[in-house]
**Student:** 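Pasting in a structure now, in structure tokens, and then I'll have a few things to ask.
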Amino acid sequence: AQSVTQPDIHITVSEGASLELRCNYSYGATPYLFWYVQSPGQGLQLLLKYFSGDTLVQGIKGFEAEFKRSQSSFNLRKPSVHWSDAAEYFCAVGAIKAAGNKLTFGGGTRVLVKP
Amino acid sequence: DTEVTQTPKHLVMGMTNKKSLKCEQHMGHRAMYWYKQKAKKPPELMFVYSYEKLSINESVPSRFSPECPNSSLLNLHLHALQPEDSALYLCASSQEDQLQPQHFGDGTRLSIL
């Protein structure tokens, strides 16, 4: 069975500083990996995805993530954080079951942005 | 703006009430999902519909009853809920024929009195 670990429950970062969120996965085959962001009172918005190919993936809102198979990691980065990036971030691994695809989410990392 | 629309946004109900949550998408997606999300927790999968047929039920209690009337609509019928069922209920959809990202609605905030 697949699993996802996000080691950091909270991260506080100053506006304009860089951000890196960690994600480690466990999956028996080639993983399908996603990062989602959730602002308070809203649903989840897809930031980026990795299926295969280039291990550095570009997403929306200036985010990128790097897939490292040797470390079973898929860390999310942003060079310069904006106050609007304060939110909950979820890493997820996908797997195709008999019908329908199933996402397993990590516990999430809450990002606080200081002025 | 989200492409998956959920109604109502908020719902307060007693434990003996019957209510329904609704979800609609017009992206042509053939897979639709219900998730339950408690505060400060990740979403937990409840049900998956594939081509309007129930394909995954994650051992959800029978007081939650999903329905997929057509490829654009997904309902979740609620009856005799418990206080611990209070949560944010999220609907999502995705293309079915390959592993594509799920698109989420903004959810229904459900409170059980």
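On a predicted model such as this, the values are computed, not experimentally measured, just so you know. So that the names make sense, note that chain A is the first sequence line, chain B the second, and so on, each numbered from 1.
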**Student:** Does the side chain of B:Y35 reach to within under 4.5 Å of the side chain of A:L103, using non-hydrogen atoms?
**Tutor:**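 Yes, their side chains come closer than 4.5 Å.
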
**Student:** Please state whether the side chain, the backbone, both or neither of A:L44 comes within less than 4.5 Å of a heavy atom of chain B.
**Tutor:**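 Both backbone and side chain of A:L44 come within 4.5 Å of chain B.
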
**Student:** Do A:F34 and B:Q102 touch side chain to side chain, with heavy atoms closer than 4.5 Å?
**Tutor:**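 SC-SC contact between A:F34 and B:Q102 ruled out.
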
**Student:** Supply the atom-to-atom distance B:K41 NZ to A:F105 CZ, rounded to the nearest 0.5 angstrom.
**Tutor:**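 One finds 15.0 Å between NZ of B:K41 and CZ of A:F105.
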
**Student:** Is there a chain of hydrophobic side chains (I, L, V, M, F, W, Y, each step under 4.5 Å between heavy atoms) that links B:L54 to B:F64?
**Tutor:** yes

**Student:** A:I60 and A:L76: same hydrophobic cluster, using ILVMFWY side-chain contacts below 4.5 Å?
**Tutor:**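 Looking at the clustering, A:L76 is in the same group as A:I60.
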
**Student:** Taking everything shown except A:I9 itself, do over 12 heavy atoms lie less than 6.0 Å from its CD1?
**Tutor:** no

**Student:** Compare every heavy atom of A:F90 with every heavy atom of B:P42, then report the nearest pair and how far apart it is.
**Tutor:**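 Looks like CA-CE2, 3.4 Å.
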
**Student:** Measure the spacing between CD of A:Q42 and CG of B:L90 and express it to the nearest 0.5 Å.
**Tutor:**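 Nearest 0.5 Å value for the CD-CG distance: 11.5 Å.
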
**Student:** Is there a side-chain contact (heavy atoms from CB on, under 4.5 Å) between A:K49 and B:Q100 once you walk through the steps?
**Tutor:** CA-CA 9 Å; A:K49 63 186 185 224; B:Q100 289 295 328; 4.0 Å; yes

**Student:** For B:M15, does the CE atom have more than 12 heavy-atom neighbours from other residues, nucleotides or ligands under 6.0 Å away?
**Tutor:** no

**Student:** Is atom NZ of B:K38 surrounded by more than 12 heavy atoms (other residues, nucleotides or ligands) closer than 6.0 Å?
**Tutor:**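 Enclosed.
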
**Student:** If two hydrophobic side chains count as joined below 4.5 Å and joins carry through other members, does B:V12 share a cluster with B:L81?
**Tutor:** no

**Student:** At a heavy-atom separation under 4.5 Å, does A:Q45 approach chain B through its side chain, its backbone, both, or neither?
**Tutor:**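 For A:Q45, no heavy atom lies under 4.5 Å from chain B.
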
**Student:** Measure distances from B:Q37 to the heavy atoms of chain A and classify the residue's part below 4.5 Å as side chain, backbone, both or neither.
**Tutor:** side chain

